[in-house]
Amino acid sequence: MLPQLVFYLFSTVLLISAVMVISARNPVHSVLFLIVAFFNAAGLFLVAGAEFLAMLLVIVYVGAVAVLFLFVVMMLDIDFTKLREGLQQHAAIGVCFGVVLFAELLVAVGNWHMSSVSVTRLSGVPGQTNTAALGDLIYTHYILLFQGCGLILLVAMIGAIVLTLRPVGSGRRQIIDKQHARVPSETLEMIDAPLGVGVISQGGFLRPHTSYHETSVPDSYASGGQIEADKKEKDV
């Protein structure tokens with residue numbers, strides 16, 4: 001009786017949080033409701049006996065993905081008033097899509113039925129936890145598929161970097177050989193600054209003995225003309 005009550009409690013809060021994610025006007029509130037939905041979904045996994053998936057959901061989605069969403073929403077200066085200006089113009093199209101999706105849901109629910117095929121359960125090692133059984137299954141029987149998924153993600157990440165990288169002057173690129181050949185004495189100077197005295201009274205910020213722009217790729221950011229500007233500033 002208690003597991004059923006816990007299941008219905010988590011399910012109810014999960015559905016309410018999911019609805020609030022798409023209905024809340026403030027995007028920060030939407031992300032917070034999404035975090036609540038993740039926690040309740042993790043509770044449902046615990047009730048089902050899948051503690052590894054529950055902890056994975058909390059650590060990965062709540063601890064990383066949802067927090068990233070929250071940072072992006074809070075850091076971006078988005079004018080939501082302008083975003084809602086064209087809402088009335090496209091309201092008819094939105095209603096049509098909503099009606100089509102609702103009809104598809106009705107058809108799917110109306111034709112759904114419970115299958116009579118019994119589910120075959122895997123018999124693990126006695127005393128083995130779900131996490132150990134899952135790790136044994138992934139890293140033994142499906143190790144090639146697992147590594148293949150990791151390789152696909154790596155290629156996708158490299159492809160995204162290559163597609164977004166533009167050889168323009170707005171990016172600072174360095175000549176690796178010159179950068180590695182630099183020694184600390186050329187760029188670093190240790191001084192004994194007294195306590196309570198500002199930088200301005202000590203003569204301002206110190207510049208490196210050799211400009212760090214010398215190691216930058218020509219026609220990139222802070223190279224070429226910037227070197228001449230640094231020389232003129234030192235002469236002054």
Side-chain angles (χ1 to χ4, degrees), residues 1-76 78 97-98 100-160:
M1 185 64 182
L2 182 59
Q4 294 180 355
L5 293 177
V6 175
F7 172 79
Y8 286 118
L9 176 61
F10 282 137
S11 301
T12 303
V13 179
L14 176 60
L15 292 176
I16 295 175
S17 302
V19 172
M20 293 301 298
V21 169
I22 61 176
S23 60
R25 293 182 177 273
N26 193 329
V28 178
H29 296 167
S30 298
V31 177
L32 294 178
F33 281 118
L34 181 63
I35 294 175
V36 176
F38 283 151
F39 273 115
N40 285 273
L44 291 177
F45 280 127
L46 286 177
V47 174
E51 69 277 359
F52 178 77
L53 294 179
M55 294 300 103
L56 194 66
L57 187 62
V58 172
I59 295 173
V60 176
Y61 285 91
V62 177
V65 177
V67 175
L68 178 62
F69 288 166
L70 189 60
F71 277 138
V72 171
V73 169
M74 296 180 67
M75 292 177 64
L76 293 179
I78 301 176
F97 277 104
V100 172
L101 291 176
F102 184 72
E104 290 179 351
L105 289 176
L106 290 179
V107 173
V109 173
N111 294 322
W112 179 81
H113 63 280
M114 183 69 70
S115 178
S116 59
V117 179
S118 60
V119 179
T120 303
R121 295 184 178 273
L122 296 177
S123 58
V125 180
Q128 190 180 35
T129 61
N130 292 335
T131 305
L134 186 61
D136 181 55
L137 189 66
I138 292 177
Y139 293 105
T140 54
H141 300 283
Y142 300 102
I143 181 62
L144 295 179
L145 296 177
F146 183 77
Q147 294 296 331
C149 292
L151 182 61
I152 292 174
L153 292 176
L154 177 62
V155 173
M157 181 179 65
I158 297 175

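Computed from a prediction, not measured in an experiment: that's the story for all the values here.
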TODO: Carefully, step by step, assess Leu44 and Asn40 under the rule side chain to side chain contact (heavy atoms under 4.5 Å, CB included).
DONE: CA-CA 6 Å; Leu44 291 177; Asn40 285 273; 5.9 Å; no
If you compare all heavy atoms of [X] against all heavy atoms of [Y], which two are closest, and at what distance to 0.1 Å?
| X | Y | result |
| --- | --- | --- |
| Phe33 | Ser17 | O-CB, 3.6 Å |
| Val58 | Ala42 | CG2-CB, 3.6 Å |
| Gly49 | Glu51 | O-OE1, 3.0 Å |
| Gly63 | Val67 | O-CG2, 3.8 Å |

From [X] atom [atom1] to [Y] atom [atom2], the distance as rounded to the nearest 0.5 Å:
| X | Y | atom1 | atom2 | answer |
| --- | --- | --- | --- | --- |
| Leu34 | Tyr61 | CG | OH | 10.5 Å |
| Ser30 | Ile35 | OG | CD1 | 11.5 Å |
| Phe38 | Leu14 | CZ | CG | 10.0 Å |
| Ile158 | Leu153 | CD1 | CG | 11.5 Å |
| Tyr142 | Leu134 | OH | CG | 11.0 Å |
| Leu145 | Ile138 | CG | CD1 | 10.5 Å |

- [ ] Evaluate side chain to side chain contact (heavy atoms under 4.5 Å, CB included) for Leu57 paired with Val62, printing each intermediate quantity in order.
- [x] CA-CA 7 Å; Leu57 187 62; Val62 177; 5.7 Å; no
